[in-house]
Amino acid sequence: MSYLDELEGYLHALPRNERDDMMSYYEEYFTDAHIDDTLANQKFGSSKQFSRRLIADFYMNEDDAVENKPKHQLRMIWVVILGILASPIALSATIVVAFLLLVVIGVVLSVIVSVMISLVISAILAVFSIIAGIIILFSSLTGGIFAIGVGSAMIGLIILVVPLLINLTKILISSFAKIIKLIGRRYIQKGANYEA
Amino acid sequence: MSIQTPTELLDGTVLAILEKQDLYGYALTKEVKQHVTVSESTMYPVLRRLERCAELTTYSEPFEGRMRKYYQLTQEGREHLIRIKTDWKNFATGINEILGEE
């Protein structure tokens, strides 16, 4: 299979019209520049690596152009990480990039996970408190009402806090997206230059 | 070289070349390479973006039994080029005053 056929196969993650446009550009370019499969491998790396950088590039630009949903941003983040991994980078830079990625991913994940866990635990506690309250109600009226009250107050608090947390998560994801784009722009563009 | 060409200047270079004549992908890339260091895969996203912002239009012309896609400057493209030229002049003057002289 030729380099370009392979490339087209790897580009299936892109929207149809975008992939067609990209393929016709590179088909024309390869013909005009007399790039055969061997030369293509030298210039652009393997078709898989090349496709990952093209996909990352596309989603970074897409992210600039439209108002973004977290789902799209998460996909962008993922393809950019793949794109960075598919780029030839100087060793020292690799360490820096890997470190940056790890730190950022670590911070974002730990914040999200700890918030989730505390939410789930407080929800469980609230439900238990209400159930316990109902059980106690028959032996101790005031104790039962108190426990039910505490449980309801916690549920109320969770309902109040959840939208805030959702917004916080969205902000976290979009700042993560911004950082990842900065890293991507810096290293994928440069890495695209296999001829160097 | 540790100075990378910013997007705005790359756009400017492409627009300025296309102001003189319509070109197809490979010829345009060769022309750009005479002025700034770009890799062969830098050009596609630039062209695609400029086309989306309606600063470029494309048309196809037959060549040796296949079609070649030519890029052509639009009125928006010309206006953007003028803005980039002014910005660049201001920027270059400032930097030249401090870095240009030995």
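Note on naming: letters A, B, ... go to the chains in the order of the sequence lines (proteins, then strands), and numbering restarts at 1 for each one. Values reported hereafter were calculated over all heavy atoms of this structure, with side chains retained and with hydrogens, waters and symmetry mates removed.
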Looking only at heavy atoms and a cut-off of under 4.5 Å, which of K30(B), R68(B), E64(B), M43(B) has the most pairs with chain A?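 Heavy-atom pair counts peak at R68(B).
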
Could you tell me which of R49(B), R66(B), M67(B) has the largest number of non-hydrogen atom pairs under 4.5 Å with chain A?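 Heavy-atom pair counts peak at R66(B).
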
Tell me, for T7(B) versus chain A, whether the close heavy atoms (under 4.5 Å) come from the side chain, the backbone, both or neither. neither

Could you check whether Y59(B) and Y24(B) have their ring centres less than 6.0 Å apart? no

Please check if the distance between the ring centroids of F44(A) and F30(A) is under 6.0 Å.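 Yes - the distance between ring centres of F44(A) and F30(A) falls below the 6.0 Å cut-off.
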
Engaged part of F58(A) at the chain B interface, taking heavy atoms whose separation is under 4.5 Å: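 Only the side chain of F58(A) comes within 4.5 Å of chain B.
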
Among L164(A), V162(A), L168(A), which residue satisfies the side chain to side chain contact (heavy atoms under 4.5 Å, CB included) criterion with I166(A)?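 It is V162(A), the one option of L164(A), V162(A), L168(A) that forms the side chain to side chain contact (heavy atoms under 4.5 Å, CB included) with I166(A).
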
Side-chain donor/acceptor of Q49(A) to backbone N/O of S46(A), under 3.5 Å: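 Indeed, once roles are kept as given, a pair shorter than 3.5 Å links the two residues.
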
